[in-house]
**Student:** 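My questions all concern the structure below.
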Amino acid sequence: MDVGFLGLGVMGRPMALNLVRAGTPLVVWNRTPARCEPLAAAGAHVAPGPAEVFRRAEVVLAMMADEAALDAVLARGTAAFGPRVRGRTLVHLGTVSAAYSRALEADIEAAGGAYVEAPVSGSREPAEAGELVAMLPGRDPAVARVRPLLAPMCRESFVCGPVPGALLMKLAVNVFLITMVTGLAEAFAFAAHHGLDPRLLAEVLDAGPMASAVSRAKAAKLVTGDFTVAAAIADVLKNTRLIAEAARDAGAASPLIDVCRALYGESVALGHGGADMAAVVAALRARGRRGPTTSERRSP
């Protein structure tokens, strides 16, 4: 049977394209039909709706925007849910709360299906290059079946224990990513306030020990002001919320993520929700113009 793919957004479309180009017989669906056109041109079958994807495919990969979107394509909470997932393996590639993933696994298994949470680390460029990193839990037979399907999309994959271990690992990775990129944006905002050449700052950073693929890509955006999305501000804001909630549930401190959550929220309010996460520099600039808040002045 075909492999199914639901959700052809910034990440989903290049991931699905890599599957088709690797020879995977793919049936796809997306809420906005125009996003299916490159997949159809590459040889994928475009389904009229999610039900057709589940009818044709034994394994269905989903890269949906959020929990509500995933519930909708699964028909979760309706009479259609059981027949849709029975005998199928759902591979969930997106980022949701750990509690949601745990509950979804229970519902799918109760209906006679299998569930593999498989969040990926990386943004649009690694997705296009097939260089993502996948984190896998799930039942061993399901993981063994799914893992080869990930090879055209992912450079490496790691088994992280039972659900929701993979999602928690992804959130831990995102703590580092988000705070690093936010710190980089603050460095460029600081340099701008002092009249420093942003291109020279990028060169100095690139020559030093902190340079990475992420720092190079985001520094280029900060130099040119081209914030074409690789990882959207709105998605990063969602991730800061999930991380903060998971930290509170575990009794862990999350001071840096709490600050980042406020900054990305301010970036969305400024109209940058669809821009790349490096555009958080707009919130930093706005804070610089208005001066520190009372709580910021009290901080050491």
**Student:** What residues form a salt bridge (charged side-chain N to carboxylate O under 4.0 Å, His left out) with Arg35, not counting sequence neighbours?
**Tutor:**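 Checked Arg35 against salt bridge (charged side-chain N to carboxylate O under 4.0 Å, His left out); zero matches.
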**Student:** Quick one: which residue pairs count as a side-chain hydrogen bond (donor to acceptor under 3.5 Å, both in side chains) with a foot in residues 164-191, not counting sequence neighbours?
**Tutor:**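 Checked against side-chain hydrogen bond (donor to acceptor under 3.5 Å, both in side chains) - neighbours excluded - the pairs reaching residues 164-191 are Thr95-Lys170, Asn174-Asn239, Thr182-Tyr264.
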**Student:** Quick one: side chain to side chain donor-acceptor pair (under 3.5 Å) partners of Glu245, sequence neighbours excluded?
**Tutor:**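 Only Arg241 meet the side chain to side chain donor-acceptor pair (under 3.5 Å) criterion with Glu245.
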**Student:** Tell me, please, which residues at least two apart from Phe158 pass ring-ring contact (aromatic ring centres under 6.0 Å, His included).
**Tutor:**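 None.
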**Student:** How about Val120 and Met15: do any of their side-chain heavy atoms sit closer than 4.5 Å?
**Tutor:**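 The answer is yes, as the side chains (C-beta and beyond) meet within the 4.5 Å cut-off.
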**Student:** Which residues satisfy the side chain to side chain donor-acceptor pair (under 3.5 Å) test with Arg155, sequence neighbours excluded?
**Tutor:**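 Result, side chain to side chain donor-acceptor pair (under 3.5 Å) vs Arg155: Glu131.
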**Student:** Taking C-beta and beyond as the side chain, do His45 and Leu26 meet within less than 4.5 Å on heavy atoms?
**Tutor:**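 No, every pair of side-chain atoms sits at 4.5 Å or beyond.
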**Student:** Would you indicate whether the side-chain heavy atoms of Arg124 and Thr228 approach each other to under 4.5 Å?
**Tutor:**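 The answer is yes, as the side chains (C-beta and beyond) meet within the 4.5 Å cut-off.
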**Student:** Please name all residues satisfying side chain to side chain contact (heavy atoms under 4.5 Å, CB included) with Thr224, sequence neighbours left out, ordered by chain then number.
**Tutor:**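 Side chain to side chain contact (heavy atoms under 4.5 Å, CB included) list for Thr224, sorted by chain: Asp226.
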**Student:** Check this for me, if you would: do Arg102 and Glu105 make a salt bridge, where the nitrogen-to-carboxylate-oxygen distance has to be below 4.0 angstrom?
**Tutor:**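 No.
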**Student:** With Glu37, which residues qualify under side chain to side chain contact (heavy atoms under 4.5 Å, CB included), at least two apart?
**Tutor:**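 Residues passing side chain to side chain contact (heavy atoms under 4.5 Å, CB included) with Glu37: Ala34.
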**Student:** Without placing hydrogens or testing angles, list every side-chain donor-acceptor pair under 3.5 Å for residues 187-198, not counting sequence neighbours.
**Tutor:**
unit_1	atom_1	unit_2	atom_2	d
Asp197	OD1	Arg199	N	2.9

**Student:** I'd like to know if Asp66 pairs up with Lys238 as an ion pair, taking the criterion as any Lys NZ or Arg NE/NH1/NH2 lying under 4.0 Å from an Asp or Glu carboxylate oxygen.
**Tutor:**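 Answer for the salt bridge query: no.
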**Student:** Report yes or no: does Thr240 contribute a side-chain atom to a donor-acceptor pair with the main-chain N or O of Leu237 at less than 3.5 Å?
**Tutor:**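 It does hold such a pair.
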**Student:** Is Lys218 salt-bridged to Asp276, cutoff N-O under 4.0 Å?
**Tutor:**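 Looking at Asp276 together with Lys218, the answer is yes, because their closest N to O distance falls below 4.0 Å.
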**Student:** Could you check if a side-chain atom of Pro119 sits within less than 4.5 angstrom of a side-chain atom of Leu93, using non-hydrogen atoms only?
**Tutor:**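 Not in contact.
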**Student:** Output all residues satisfying side chain to side chain contact (heavy atoms under 4.5 Å, CB included) with Ala211, sequence neighbours left out; order by chain, then residue number.
**Tutor:**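 Asp206, Ser215, Arg216.
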**Student:** Should the heavy atoms of other residues, nucleotides or ligands under 6.0 Å from CE of Met169 be counted, would the total exceed 12?
**Tutor:**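 Atom CE in Met169 is not crowded, with 12 or fewer foreign heavy atoms closer than 6.0 Å.
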**Student:** For the atom pair OG1 (Thr24) and CG (Asp2), what is the distance rounded to the nearest 0.5 Å?
**Tutor:**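 Answer rounded to 0.5 Å: 10.5 Å.
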**Student:** Is there a side-chain contact between Leu8 and Cys36 (heavy atoms, below 4.5 Å)?
**Tutor:**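 Yes - at least one pair of side-chain heavy atoms lies under 4.5 Å apart.
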**Student:** For Ala114, give me all partners under side chain to side chain contact (heavy atoms under 4.5 Å, CB included), at least two apart in sequence or on another chain.
**Tutor:**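 With neighbours one apart ignored, the set is Thr89, Ala142.
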**Student:** Report the residues that fulfil salt bridge (charged side-chain N to carboxylate O under 4.0 Å, His left out) with Glu67, sequence neighbours left out, ordered by chain and then residue number.
**Tutor:**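 Glu67 satisfies salt bridge (charged side-chain N to carboxylate O under 4.0 Å, His left out) with no other residue.
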**Student:** Taking the side chain as every heavy atom from C-beta outward, state whether Arg21 and Pro152 have any pair of such atoms under 4.5 Å apart.
**Tutor:**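 No - every pair of side-chain heavy atoms lies 4.5 Å or more apart.
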**Student:** With the side chain counted from C-beta on, respond yes when Ser157 and Arg147 share a heavy-atom pair under 4.5 Å apart, and no when they do not.
**Tutor:**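 Touching, per the 4.5 Å side-chain cut-off.
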**Student:** Do the non-hydrogen side-chain atoms of Glu117 and Val91 ever get within less than 4.5 Å of each other?
**Tutor:**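 A side-chain contact is absent here, since even the closest heavy-atom pair is not under 4.5 Å.
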**Student:** Which residues, ordered by chain and number, are linked to Phe54 in its hydrophobic cluster, where ILVMFWY side chains connect at heavy-atom gaps below 4.5 Å, directly or through other members?
**Tutor:**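 For the cluster that includes Phe54, the remaining residues are Leu6, Val27, Trp29, Val53, Val60, Met64, Leu70, Val73, Leu74, Phe81, Val85, Leu90, Val96, Tyr100, Leu104, Ile108, Tyr115, Val163, Leu167.
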